[in-house]
Engineer: 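Here it is: the structure, laid out below.
Below, chain A is the first sequence line, B the second, and so on; all start at residue 1.
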Protein chains: 2
Amino acid sequence: MKLTILGCYAATPRTFTNPTSQVLEIRNHLFLIDCGEGTQVELRRNKVKFSKIKHIFISHLHGDHFYGLVGLISTFRLLNREKELHVYGPKGIKKAITLQLKLANSWTNYPLYFHELESKESQLLFEDEKVSVETIPLKHRIYANGFLFKEKPGERKLNMSAVLKRKIDVVYYKKLKRGMDMTLEDGTVIPNEELTLDPKPPRSYAFCSDTIYKPDNLPQLQGVTVLYHESTFLEAHAKLALPTGHSTAIEAGKMARDAGAQHLILGHYSTRYPDLTLFANEAKTVFDNVLTADDGKVFDFSED
Amino acid sequence: MKLTILGCYAATPRTFTNPTSQVLEIRNHLFLIDCGEGTQVELRRNKVKFSKIKHIFISHLHGDHFYGLVGLISTFRLLNREKELHVYGPKGIKKAITLQLKLANSWTNYPLYFHELESKESQLLFEDEKVSVETIPLKHRIYANGFLFKEKPGERKLNMSAVLKRKIDVVYYKKLKRGMDMTLEDGTVIPNEELTLDPKPPRSYAFCSDTIYKPDNLPQLQGVTVLYHESTFLEAHAKLALPTGHSTAIEAGKMARDAGAQHLILGHYSTRYPDLTLFANEAKTVFDNVLTADDGKVFDFSED
């Protein structure tokens, strides 16, 4: 599981800070989350093989999370994309994009599917044998969702010393990995647990931006491996958080702590602050394992 | 008259090349011409005081000339702009922008006026005592206009040696500059030409992108000071120009030559070519005074 931050600053794109966009690599999927203006250039700059992106998740329709989408969709056309593309985002996203493509008289030459969201309850958006993606209902100035990416449990691992000792034939290995008990020729049954080991626990990634501090999402987030939570403000401006629909670094820390997350990544910083360590320091007062997102930063959780 | 190139490459924004946008400073106006994705960042990077922009001219609704507009309009709001903003562009531009602002629930806090274009004849878009702006009908894959910016003739300049010799009182200077003949106390009339000199000839700037080679625009362009003309292709790919609605460097050169332009600036290069001098060399086979646009380049025509 690898996360590449293309942009993680609030409000407008600036010379050295990009609006929200990130790429999550999980079980051979490349998911794009949010797509602020300039995302397609950041994908190039960070050498992401962006033709592999098949699913784009848009949290909400503020410009700093969304205005790069139409350009990316157009560029896919110019690059002669053929693979289908799925876009998940708030109701209205389809009209906004298709109107602009229509005005340019340039419809896509690849299948483009919009999955418009309007539910305030969590919904399953995507699922295959390896991974699932569901919405996390957020509360912001406009309708917004976070996204929870979950690996499915992998196959059990062979306990090779036990397997060799019992002289199990290779043809049974696949079935053992799937949990089958072994019946020997003499009728003896060896329970699967004796021959295999638990697989790595499945990992998960929760993206929560933009939102107020919303503890009623905690049940859904319980035990998440990595929580990305917005922290637009420091305590000095805590009063601005609720009216603007944002959170503070400490609130992000509380969400990570109370969800029992393994890691917290902070992001969506207001550009009024000079230094990201200020955010980390405040969040660390309530939660230990704090990381700070920054444009171009890559977080590799392969070993977790 | 000063032209700042924010971007001048065709098709998609890339790591080191920006789509079309430029700022023309003329007689204290700051006009923005086209607004591809990333324009607001390029305005910052090139240190353009972009709060001073009051008029934005959009040639056509292909993404590489237009997808940065909604972000710029949103950023003006975040920067608490109060001055009015006028946007001139093809019919449909208003709906595309306002739909996106509405979805973000963020209308502007400053007056925003759209002037939608659909005429195939040249139209006067803006005029004050110093300058006028009119459309140049282009021919591209979709409806497109270029823009002709013209200074109005300035005041005549005092011929100080003649003025002093004739002992003209200072109170008459303003009227002399406006062309008044001078009647002395004894009734003698001194013709204005004896006391004043011609002002600098008014300068003009024509922006022509994207378009096929379109010589029927030559009457409108006669004597233009600076012609910016797209040259997407070199001769090696001349066959692509007409079907894609573009021009070659030589065609741009012919337009400059036949319009009697003083300077030609080439731009809107296909990114397939490694070197801009290739474009200049081909255009120079038909026209001498060829300049090549490049992102971040500033052309100062104050002395022309």
Engineer: With heavy-atom distances below 4.5 Å as the criterion, would you say the side chains of Q40(B) and R14(A) are in contact?
Structural biologist: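 They are not in side-chain contact.
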Engineer: Is there any residue in residues 30-38 of chain A with a non-hydrogen atom under 4.5 Å from a non-hydrogen atom of chain B, and which ones are they?
Structural biologist: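 Within residues 30-38 of chain A, near chain B: E37(A), G38(A).
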Engineer: How about OH on Y110(B), more than 12 heavy atoms from neighbouring residues, nucleotides or ligands closer than 6.0 Å, or not?
Structural biologist: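 Result for OH/Y110(B): enclosed.
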Engineer: Applying a heavy-atom distance below 4.5 Å, give me the residues of residues 79-94 of chain B that approach chain A, sorted by number.
Structural biologist: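 Interface residues of residues 79-94 of chain B: K91(B), G92(B).
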Engineer: Hey, is NZ on K214(B) packed in by over 12 heavy atoms from elsewhere, all under 6.0 Å?
Structural biologist: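 Yes, NZ of K214(B) has more than 12 neighbouring heavy atoms, counting only those of other groups under 6.0 Å.
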Engineer: What residues of residues 233-244 of chain B make heavy-atom contacts with chain A at a cutoff under 4.5 angstrom?
Structural biologist: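 Interface residues of residues 233-244 of chain B: none, nothing closer than 4.5 Å to chain A.
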Engineer: If a pair satisfies salt bridge (charged side-chain N to carboxylate O under 4.0 Å, His left out) and one of its residues is in residues 39-68 of chain A, list it, with sequence neighbours excluded.
Structural biologist: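 Qualifying pairs: E42(A)-R45(A).
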Engineer: Say you draw a straight line from CD1 of I142(A) to CG of L103(B); how long is it, rounded to the nearest 0.5 Å?
Structural biologist: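 Output value for this atom pair is 8.0 Å.
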Engineer: How many angstroms lie between CG in L72(B) and OH in Y67(A), if you round to the nearest 0.5 Å?
Structural biologist: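 Reported to 0.5 Å precision, the distance equals 11.5 Å.
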Engineer: Under 4.5 Å heavy-atom distance to chain A, tell me which part of T39(B) shows up: side chain, backbone, both or neither.
Structural biologist: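 For T39(B), backbone heavy atoms alone lie under 4.5 Å from chain A.
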Engineer: Heavy-atom count around K139(B) NZ within 6.0 Å, excluding the residue itself: above 12?
Structural biologist: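 No, NZ of K139(B) has 12 or fewer neighbouring heavy atoms, counting only those of other groups under 6.0 Å.
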Engineer: If you take all heavy atoms of V41(B) and T15(A), which pair is closest and at what distance?
Structural biologist: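 Here V41(B) and T15(A) meet closest at CG1-CA, 4.0 Å.
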Engineer: Select one option (side chain, backbone, both, neither) describing which atoms of S74(A) are under 4.5 Å from chain B's heavy atoms.
Structural biologist: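 Answer is side chain: those atoms of S74(A) sit under 4.5 Å from chain B.
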Engineer: Among the options V70(B), L78(B), L101(B), pick out the one with the most heavy-atom pairs lying under 4.5 Å from chain A.
Structural biologist: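 Counting heavy-atom pairs under 4.5 Å, the top option is V70(B).
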Engineer: Please report the C-alpha distance between L99(B) and K95(A) in whole Å, then the side-chain angles of each, then the deciding distance to 0.1 Å, and finally whether the side-chain contact (heavy atoms from CB on, under 4.5 Å) criterion is met.
Structural biologist: CA-CA 9 Å; L99(B) 173 64; K95(A) 194 173 169 192; 4.0 Å; yes
